[in-house]
Amino acid sequence: MSSAFPRALAPKALGPIRFGYGHAPNVNVPATASNIFASLSVPEFNPDVYRPMASYETVLVEIESGKLRSKGQKTGDEDALEKGIALRRTQRASNVSDAARALARIVDTPSPLRSRLEWHFTNHFSLRQRNGRWDGAMLGFVDEAIRPHIMGYFSDMLRAVETHPAMLMYLDQHISIGPNSRDGKSRKKGLNENLAREMLELHTVGTGYTQTDVRQLAQLLTGQIINGAQRSDFKPNRAEPGVATVMGQSYGGETPPSFAAIEAVLYDLANHPLTARHVSLRLAQHFVADVPDPDLVDSMVDAWMASNGYLPRIYEAMLAHPASWRDFGAKVKTPLEFIASSFVAIGVTGDDVMQVKPNQYKKRVLSPLRFMGQMFLYPPSPEGWPEDAESWISPQLLSERVAWAMNAPYLDRMGGFRRPNMWAEKVLGEAARPELLTALTRASNTSEGAGLMLASPDFQRR
């Protein structure tokens, strides 16, 4: 992309782009730090309108589908086989509808920053389905473990995430058994360290731990299971007995073992100084710069430690710091942010999104996201999607963005403006370089000009 980035930009122009999904063409709200922070407290839209299916409901449908298909294949019961296939087909369509609801929420949100935070933490606690029966359950995970805690304490979010059945399944915690527990001895099964390792390396402290800490935490986490209703539960007979020491603190030792020890270690990890720095750094990297100003991160860490990880205080510290308002273009929008911000700029509504048939939504949104390098809710690893700008601007990925931009849905609306250059001035403000505005006046038609604006570095960066 252009060497004109990063560059200085007035806060009123930068704010909605850096901390949201860009300027809506017909919205005039002063984008100051205080206003953006205040938007976090604006009541949300009616959750029943865009609420994805809860995880356990999705899972139970998948299980029933699988049972019917298996029965039909084994016994030759064609009726059961057909019912299973039809149920699976219906569920796939429901999964696409849930994905559409997620985008509808984004374009209709009264607080773009809150929406961005929701997706940032979804990536921070990255997971994807690894078993067919969990297909489509990830949006339920977001609704149940991430969204309710965006405006609360990190410790509450951490507890919800690390004990959610989707996370237990993804990192194999549901099959981890204490070797010296009653079930471990009788079944000759043992520990799985996946959840413990990712919890320390990615979700909390990030550094400063040892392999012994991982092993001790893995022992402490045993006992967590997924019950017949596909919800999380705790079974003392599977839990490793004795005291576990994690990051210098001792937990457990009760007879029988209890879930309280797991709650205690999650709380302490959430409030550890290394967690404050690791999570604050990742927030600053997501919103501000791949290598953020150290003083910005220090300010966020100070806010974390002073508030016991009360997340609104960390957001407020980030928004209040001068470094958060410098260097427009230091970041590149992820594919999801690009498509979402394009829809906001065009003036697409949540109703518009929900009116699209599932096969068309796959064609217009889900497939393009995959071609741009970001398959929806299917990150490459527990590390999540990359934050650095360079990961998103290879020639192939850029060409996919340009191709989508030139044929974007609803492009003829162009925010209600007749001329692409007038629309660009409204949507980008100072972010629109003079050479872009000149190029838009020379476009052969309005749709081409609108596509050129969406494909431009001015729009692609934040």
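Values below: every heavy atom of this structure, side chains too, minus hydrogens, waters and symmetry copies.
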For the pair [X] and [Y], name the ring-plane relationship: parallel under 30°, tilted 30 to 60°, perpendicular over 60°.
X: Phe328; Y: Phe5; result: perpendicular
X: Phe338; Y: Trp404; result: perpendicular
X: Phe121; Y: Tyr315; result: tilted

Flag side-chain contact, heavy atom, 4.5 Å: [X] against [Y]:
X: Pro335; Y: Arg401; answer: yes
X: Leu81; Y: Gln73; answer: yes
X: Pro165; Y: Ser232; answer: yes
X: Asn192; Y: Gln173; answer: no
X: Thr207; Y: Leu274; answer: yes
X: Arg277; Y: Val297; answer: yes
X: Arg326; Y: Pro6; answer: no
X: Trp119; Y: Glu337; answer: no

- [ ] Carefully, step by step, assess Trp385 and Ser391 under the rule side chain to side chain contact (heavy atoms under 4.5 Å, CB included).
- [x] CA-CA 9 Å; Trp385 299 107; Ser391 294; over 6 Å; no
Whether the side chain of [X] engages the backbone of [Y] through a donor-acceptor N/O pair (distance < 3.5 Å, no angle test) should be reported.
X: Ser307; Y: Ala303; result: yes
X: Asp233; Y: Asn227; result: no
X: His23; Y: Ala13; result: yes
X: Gln224; Y: His174; result: no
X: Arg147; Y: Val142; result: no
X: Glu430; Y: Ala10; result: yes
X: His203; Y: Phe125; result: no
X: Arg462; Y: Lys331; result: no
X: Trp392; Y: Met372; result: no
X: Trp325; Y: Leu319; result: yes

Between [X] and [Y], which heavy-atom pair has the shortest distance, and what is it?
X: His278; Y: Thr204; result: CD2-O, 3.0 Å
X: Val301; Y: Ala276; result: CG2-O, 3.8 Å
X: Ser65; Y: Gly84; result: OG-O, 3.0 Å
X: Ser381; Y: Ser126; result: O-OG, 3.5 Å
X: Met453; Y: Phe459; result: O-CB, 3.3 Å
X: Gly152; Y: Pro312; result: O-CD, 3.7 Å

Euclidean distance, [Y] [atom2] relative to [X] [atom1], rounded to 0.5 Å:
X: Met300; Y: Ser324; atom1: CE; atom2: OG; result: 7.5 Å
X: Arg92; Y: Ser97; atom1: CZ; atom2: OG; result: 14.5 Å
X: Glu82; Y: Arg89; atom1: CD; atom2: CZ; result: 9.5 Å
X: Leu200; Y: Arg197; atom1: CG; atom2: CZ; result: 9.0 Å
X: Ile150; Y: Arg114; atom1: CD1; atom2: CZ; result: 9.5 Å
X: Phe37; Y: Glu316; atom1: CZ; atom2: CD; result: 4.0 Å

Open item on the list: Using the rule given for side chain to side chain contact (heavy atoms under 4.5 Å, CB included), can you reason through Leu117 versus Leu283, listing the C-alpha separation, both sets of side-chain angles and the distance that settles it, and then say yes or no?
Closed with: CA-CA 9 Å; Leu117 288 164; Leu283 271 167; 3.8 Å; yes
Task: Cation-pi check, Lys333 onto Tyr21 ring (under 6.0 Å, within 45° of axis) - done: no
Open item on the list: Leu266 vs Met199, test: side chain to side chain contact (heavy atoms under 4.5 Å, CB included). Steps then yes/no.
Closed with: CA-CA 9 Å; Leu266 289 172; Met199 190 186 300; 3.6 Å; yes
TODO: Please assess Leu452 against Met406 for the test side chain to side chain contact (heavy atoms under 4.5 Å, CB included), listing each intermediate value before the final yes or no.
DONE: CA-CA 7 Å; Leu452 289 173; Met406 300 306 295; 4.3 Å; yes
TODO: Run the salt-bridge test on Asp143 and Arg101 with the 4.0 Å N-O cut-off and return the result as yes or no.
DONE: no
Open item on the list: Please determine whether a side-chain nitrogen of the Lys or Arg among Lys67 and Glu64 lies less than 4.0 Å from a carboxylate oxygen of the Asp or Glu.
Closed with: no
Open item on the list: Quick one about Arg159 and Ser155 (side-chain donor to acceptor, distance below 3.5 Å, no hydrogens or angles considered), yes or no?
Closed with: no
Task: All ring-ring contact (aromatic ring centres under 6.0 Å, His included) counterparts of His286, not counting sequence neighbours - done: His120
- [ ] Apply the ring pair (Phe, Tyr, Trp, His ring centres under 6.0 Å) test between Phe154 and each candidate in Trp304, Tyr310, Tyr267; give the one that qualifies.
- [x] Trp304
- [ ] Take Gln355 and Asp351 through the side chain to side chain donor-acceptor pair (under 3.5 Å) test and state the conclusion after the steps.
- [x] CA-CA 6 Å; Gln355 291 301 317; Asp351 284 340; 5.7 Å; no
Donor-acceptor pairs are to be reported for all side-chain atoms of residues 409-424 against protein atoms at under 3.5 Å, with residues two or more places apart or in another chain.
residue: Tyr410; atom: OH; partner: Asp352; partner atom: O; Å: 3.2
residue: Arg413; atom: NH1; partner: Asp352; partner atom: OD2; Å: 2.7
residue: Arg413; atom: NH2; partner: Asp352; partner atom: OD1; Å: 3.3
residue: Arg413; atom: NH2; partner: Asp352; partner atom: OD2; Å: 3.3
residue: Trp423; atom: NE1; partner: Ala345; partner atom: O; Å: 3.0

Task: Glu383 atom CD, over 12 foreign heavy atoms within 6.0 Å - done: no
